[in-house]
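To find a chain, count down the sequence lines: A is the first, B the second, and so on, and within it residues start at 1.
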Protein chains: 2
Amino acid sequence: MTDAAESVASSGRRRKSGAATIYDIAEAAGVNPSTVSRALNQPGRVSAKTEARIRAAADELHFQINPLARALPTGRTNTIALIVADITNPVVFETIRGAERAASIAGYTLVISESQESGAVEANTVERITPAVDGVILGTTRLPDKEIVRLAERKPLITLNREVKGIPHLASDPSHGAQQLVDHLDELGHRSIAFLGGPSRSWMSSRRWEALLHAARSHGIAIFEIGPHSPTLAGGAAAFERAEASGATAVVAYNDLVAIGLIQEATRRGLRVPDDLSVAGFDDIFAAELITPPLTTVRSDLRGLGSDAVRHLLRTIGVGEPVDGTADVTTELVVRGSTGTVRQN
Amino acid sequence: MTDAAESVASSGRRRKSGAATIYDIAEAAGVNPSTVSRALNQPGRVSAKTEARIRAAADELHFQINPLARALPTGRTNTIALIVADITNPVVFETIRGAERAASIAGYTLVISESQESGAVEANTVERITPAVDGVILGTTRLPDKEIVRLAERKPLITLNREVKGIPHLASDPSHGAQQLVDHLDELGHRSIAFLGGPSRSWMSSRRWEALLHAARSHGIAIFEIGPHSPTLAGGAAAFERAEASGATAVVAYNDLVAIGLIQEATRRGLRVPDDLSVAGFDDIFAAELITPPLTTVRSDLRGLGSDAVRHLLRTIGVGEPVDGTADVTTELVVRGSTGTVRQN
DNA sequence: CATCGATTGTCAATCGGTTGCCAACCAGAC
DNA sequence: GTCTGGTTGGCAACCGATTGACAATCGATG
């Protein structure tokens, strides 16, 4: 009887995968659990001697704090969520990487979730995740403004490449890279540029267009927009005829995928890039340097974007220096082989 | 005084971002909190009438269960972790996507973490994450066997492309794809194949080598391994001279990146692919179809790998049908332009 | 009309920490 | 030896759920 009772009691104690708790440490060190908690978290709150004893016991038992149990009373989960539309998008995963690193350095865990390009899935995911995180980054959101505002009332939130009134957001500012690109094309002798726009309501596409427009005007170079196009290889291929017909000697696509699609189609039709047509893109995705010819493109510091987003969020939560407003991430031209001097007729 | 006390009390109540708790619902519905819990989780445990009343109150208050609070007594977090060495690796992120989807469908959240190719970082991350998840997937681990075994004792764990005795693991089985590739090369007239191996202790590289070896022998085709090479473009470029010197008419690289590096170097040296040399890879990364010529490669069902891993893990946790052992994921040849008939001398 | 059995709801303990408040303790000053 | 002020450690409540044990309720039956 006694044995049975004892075994029940002990098995009850160590039910959870045998992980040591502060109670175990307290017992081993001969102090109260609260003292253990203080020794481990509030430097100086307990005497050096007891702290040493407690730490020794903690090591001994391979103590590892249970983040869930801690989160309950404090409300701090040390976790932030990053929601993206499509993980396989090269633009997205560099951002993920930056965010992951920044979070990791700060001792935070990053939860990544993919909304599969669907607003409904995204709403669902965010609902589910929000209560378990300290903040949310909407990487490529499909949510309506209203919804975003509502979420921001519950938890600190920041958007990337999406402007919603009253919500902090971060974006890459294409103006520097666009200016460099136009400078570059000007030097090569181009006097007329066609811009292949992205999806009609793409905020990014219009920002890039405006940056190019501004730069081109400052050079007195003609520029016009063709579009919209879907942001895919097929979109670029489909743009070919209109681009060629336009008579422009240089084509700038709103992203690399479209630029690559255009190059492939042009090559298929017997045009040589860059001899017959110069092509440039935006993003500098991994494949940009692998294709033939390698793509001249405007690179965004996506990793910086991701890490800045995390840092900003952490600051509003109270980790790191106080928040200093959001500063956009810069962009830079990467010259490769797809742009060249204008053919002399 | 009374007012002050009241305001303190109420602010104390709604301290946490105003989220409603089961206590609020209980009060609104005039029942005990435990009844609320049962009404929401144990179908039939409370009368239909009360349940309806409770659900109404829950909706009214926009109740959302606090996953942390639930996890504490149950030990279930509804979260699983996926640890990878490098998020930007194309092979990795398809796996991530598969895992994310499978998890999401099962109502689980996937936590992704990058170990930055470092065993120490990985060990650290795993330590930190383990107590807050129901299971762990080691995607591309650098941990020593001993450590993995130790982790597996604490939480359900599965490895991908890494065999550790006694630990469930999942891999893509290259044999089918390798067989198809050799069939294909045989048809094109190749009688001698060079294999560009990966890093010396790469488990994946040796599995692929063995699969090719087996297939080549069954065809009576000569095959030999050159290497090791680093799994990068540079690694492929560096392999060029030895590959050419070998006299093989076809080169199979252990992954696409190496294959692409080889093609680029060969092209730079004036060789034509596939006319002078056929090249193939493994993985079918995104860039494989973008390069010139597009790469013939053996594709793994990486998305399947990721989702299988999650499903397996969930089953051992007790979600879904009982566990049925691990079955490797299959591979398939994708023929593109980098392989061709042997040049007739 | 009393009793039985099944159904429904409540109590209270628990998960593993955190933290406000208080008491014990200590050393030094008087 | 007493008083003072600052440390140090303990008690107990609490975070928001879950759950075993039990009591109340209800309808049906003898």
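Look at CG on B:N32: it is 16 Å from P on D:dG20, rounded to the nearest Å. Summarising the geometry, the separation between CD on B:Q64 and P on D:dA17 is reported as 10 Å, rounded to the nearest angstrom. Distance CD1 (A:I22) to C1' (C:dT19): 11 Å, rounded to an integer number of Å. Distance B:F63 CZ to D:dA17 P: 4 Å, rounded to the nearest Å. Between the CZ atom of B:R70 and the P atom of D:dA17 there is a distance of 9 Å, rounded to whole Å. Rounded to an integer number of Å, the gap from NZ of B:K49 to P of C:dG9 is 9 Å. At whole-Å resolution of the value, CG in B:L40 and C1' in D:dT18 are 12 Å apart. At whole-Å resolution of the value, CZ in B:R76 and C1' in C:dG16 are 19 Å apart.
Residues A:V31 and B:N41 each lie close to DNA chain D; by heavy-atom proximity, the contact nearer the 5' end of the strand is made by A:V31. Comparing B:R38 and B:A69 against DNA chain C, the residue whose closest nucleotide sits nearer the 5' end is B:R38.
Side chains of B:L157 and B:I167 form a contact here, defined as non-hydrogen atoms less than 4.5 Å apart. A 4.5 Å side-chain heavy-atom check between B:T79 and B:D134 finds every atom pair outside the cut-off.
Proximity note for A:T35 (side chain, C-beta onward) versus D:dA17, D:dG9, C:dG17: the nearest is D:dG9. Each of C:dT18, D:dG16, D:dT8 was ranked by its minimum atom distance to the side chain of B:L72; first place goes to D:dG16. Closest to the side chain of A:T21, out of C:dT19, C:dG16, D:dA17, is C:dG16. Across C:dC15, D:dT19, C:dT10, the shortest atom-to-atom separation from the side chain of B:Q42 is found for D:dT19.
Look at A:T50 and you won't find any side-chain N or O under 4.0 angstrom from OP1 or OP2 of D:dT8. Taking only side-chain nitrogens and oxygens, B:S37 never comes nearer than 4.0 Å to OP1 or OP2 of D:dA17. Within the 4.0 Å cut-off from OP1 or OP2 of C:dG9, at least one side-chain nitrogen or oxygen of B:S47 is found.
Nucleic acid contact class of B:S34 (heavy atoms, under 4.0 Å, all strands): base. Residue contacts for B:L68: at a heavy-atom cut-off of 4.0 Å it reaches no nucleic acid atom on any strand shown.
Every residue two or more places apart in sequence or in another chain was checked for a salt bridge (Lys or Arg N to Asp or Glu O under 4.0 Å) with A:R45, and none qualifies.
The residues A:E100 and A:R303 are annotated as not salt-bridged, no charged nitrogen and carboxylate oxygen being separated by less than 4.0 angstrom. With respect to B:R128 and B:E122, no salt bridge is recorded, no charged nitrogen being found less than 4.0 Å from a carboxylate O.
Taking only distance into account, the side chain of A:R45 meets the base of D:dG9 through a donor-acceptor pair shorter than 3.5 Å.
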